[in-house]
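Reading through the structure tokens given below for one structure.
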Amino acid sequence: MAGQAQEGARVALGDVSFAAAELGWRFAPDWSVSVLGGLPPTVALYGRGDFAGQGLLRKVTYGAVMAGVQYHPFTLGRFEPFLGAGLNYTAIFRTRAGALSELRVADNAGPYVQVGGQLHFTSSLSAFVDVRKTWLSFDSKGVAAGAPIRVSIDPDPVSATLGLSYRF
């Protein structure tokens with residue numbers, strides 16, 4: 001804040017759920033690629049520590065796209081586990097409301113890893129679940145109480161996806 005580090009200032013993110021779609025292509029028996037995106041959710045940023053008195057700092061609407069590769073090492077009957085890795089790109093569409101009215105958050109990208117599995121019902125239909133750990137860091141700039149501020153937000157989210165898959 002005003003060029004001085006505020007060691008006790010923290011930012012917490014609210015929980016987020018949203019609908020997503022994933023397109024994939026099995027290009028070899030054990031390998032696939034995929035792209036995942038969804039409807040842009042809004043997350044609330046809350047002040048913690050020295051920022052706790054600020055309450056809601058800002059609401060951020062964003063869109064994320066994840067592109068990656070998955071390895072399917074084996075099949076156990078109808079169950080097929082997989083491991084994956086890729087890149088997440090997150091674009092910030094809008095910020096609004098909150099105590100830091102002029103806070104602007106920059107877009108960013110980061111790597112992710114995933115682990116999951118599919119349960120095949122038929123040769124075309126299956127259910128899947130996966131968990132992804134993404135490493136992200138966002139730089140934010142704005143004004144608080146008339147002083148310029150810079151906020152670094154490192155959410156490093158863990159996300160879970162559950163859905164149905166249809167193979168053409």
Side-chain angles (χ1 to χ4, degrees), residues 1 9-27 31-49 51-52 54-72 81-119 125-144 148-168:
M1 184 170 223
R10 300 283 180 258
V11 175
L13 281 71
D15 292 333
V16 176
S17 296
F18 64 97
E22 185 170 16
L23 298 173
W25 176 50
R26 181 72 69 100
F27 65 89
W31 294 93
S32 62
V33 292
S34 67
V35 175
L36 179 134
L39 299 174
T42 298
V43 64
L45 307 178
Y46 296 99
R48 296 292 185 260
F51 270 174
Q54 300 291 326
L56 174 67
L57 300 176
R58 202 81 176 129
K59 290 185 178 180
V60 178
T61 301
Y62 66 95
V65 174
M66 297 178 138
V69 61
Q70 295 82 32
Y71 174 60
H72 308 260
F82 59 86
L83 303 170
L87 185 65
N88 169 300
Y89 177 76
T90 301
I92 307 302
F93 297 135
R94 178 178 152 190
T95 63
R96 61 185 170 81
L100 301 181
S101 62
E102 296 183 37
L103 187 69
R104 292 172 309 283
V105 182
D107 300 352
N108 210 334
Y112 73 86
V113 295
Q114 76 182 122
V115 60
Q118 285 183 239
L119 180 61
L125 185 65
S126 61
F128 71 90
V129 63
D130 75 20
V131 176
R132 299 175 196 217
K133 168 66 175 173
T134 306
W135 288 270
L136 290 170
S137 179
F138 297 95
D139 289 326
S140 309
K141 294 179 181 178
V143 176
I149 63 166
R150 193 182 85 184
V151 180
S152 179
I153 304 168
D154 301 316
D156 296 340
V158 174
S159 59
T161 307
L162 174 65
L164 292 175
S165 172
Y166 185 79
R167 185 178 294 184
F168 296 97

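None of these values were measured; they are calculated from a predicted model.
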I need the [X] [atom1] to [Y] [atom2] distance, nearest 0.5 Å.
X: S140; Y: L45; atom1: OG; atom2: CG; result: 7.5 Å
X: Q118; Y: R167; atom1: CD; atom2: CZ; result: 6.5 Å
X: F138; Y: S152; atom1: CZ; atom2: OG; result: 10.5 Å
X: K141; Y: I149; atom1: NZ; atom2: CD1; result: 12.0 Å
X: L164; Y: F128; atom1: CG; atom2: CZ; result: 7.5 Å
X: Q70; Y: D130; atom1: CD; atom2: CG; result: 8.0 Å

Below 4.5 Å, heavy atoms only, C-beta onward: do [X] and [Y] meet side chain to side chain?
X: R104; Y: I92; answer: no
X: L56; Y: Y46; answer: yes
X: Q114; Y: T161; answer: no
X: L103; Y: T95; answer: no
X: Y62; Y: V16; answer: yes
X: W135; Y: V113; answer: yes
X: L13; Y: I153; answer: yes
X: Y112; Y: L136; answer: no

**Request:** Hey, can you tell me if Y166 and F168 have their rings parallel, tilted or perpendicular (30° and 60° cut-offs)?
**Result:**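 Plane angle over 60°, so perpendicular.
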Please find the pair of heavy atoms, one from [X] and one from [Y], that lie closest to each other, and give the distance.
X: H72; Y: F82; value: ND1-CB, 3.6 Å
X: G110; Y: L87; value: O-CD1, 3.4 Å
X: F18; Y: L39; value: CD1-O, 3.5 Å
X: K133; Y: D156; value: NZ-O, 2.9 Å
X: R58; Y: A97; value: NH1-O, 2.8 Å
X: F93; Y: G63; value: CE1-N, 3.4 Å

**Message:** Between D154 and S137, is there a side-chain donor-acceptor contact under 3.5 Å, judged purely by atom types and distance?
**Reply:** yes
**Request:** Starting from the C-alpha separation in whole Å, work towards a yes-or-no answer on side-chain hydrogen bond (donor to acceptor under 3.5 Å, both in side chains) for N88 and T90.
**Result:** CA-CA 6 Å; N88 169 300; T90 301; 2.7 Å; yes
**Item:** side-chain contact (heavy atoms from CB on, under 4.5 Å) evaluation trace for S34 with L23
**Value:** CA-CA 5 Å; S34 67; L23 298 173; over 6 Å; no
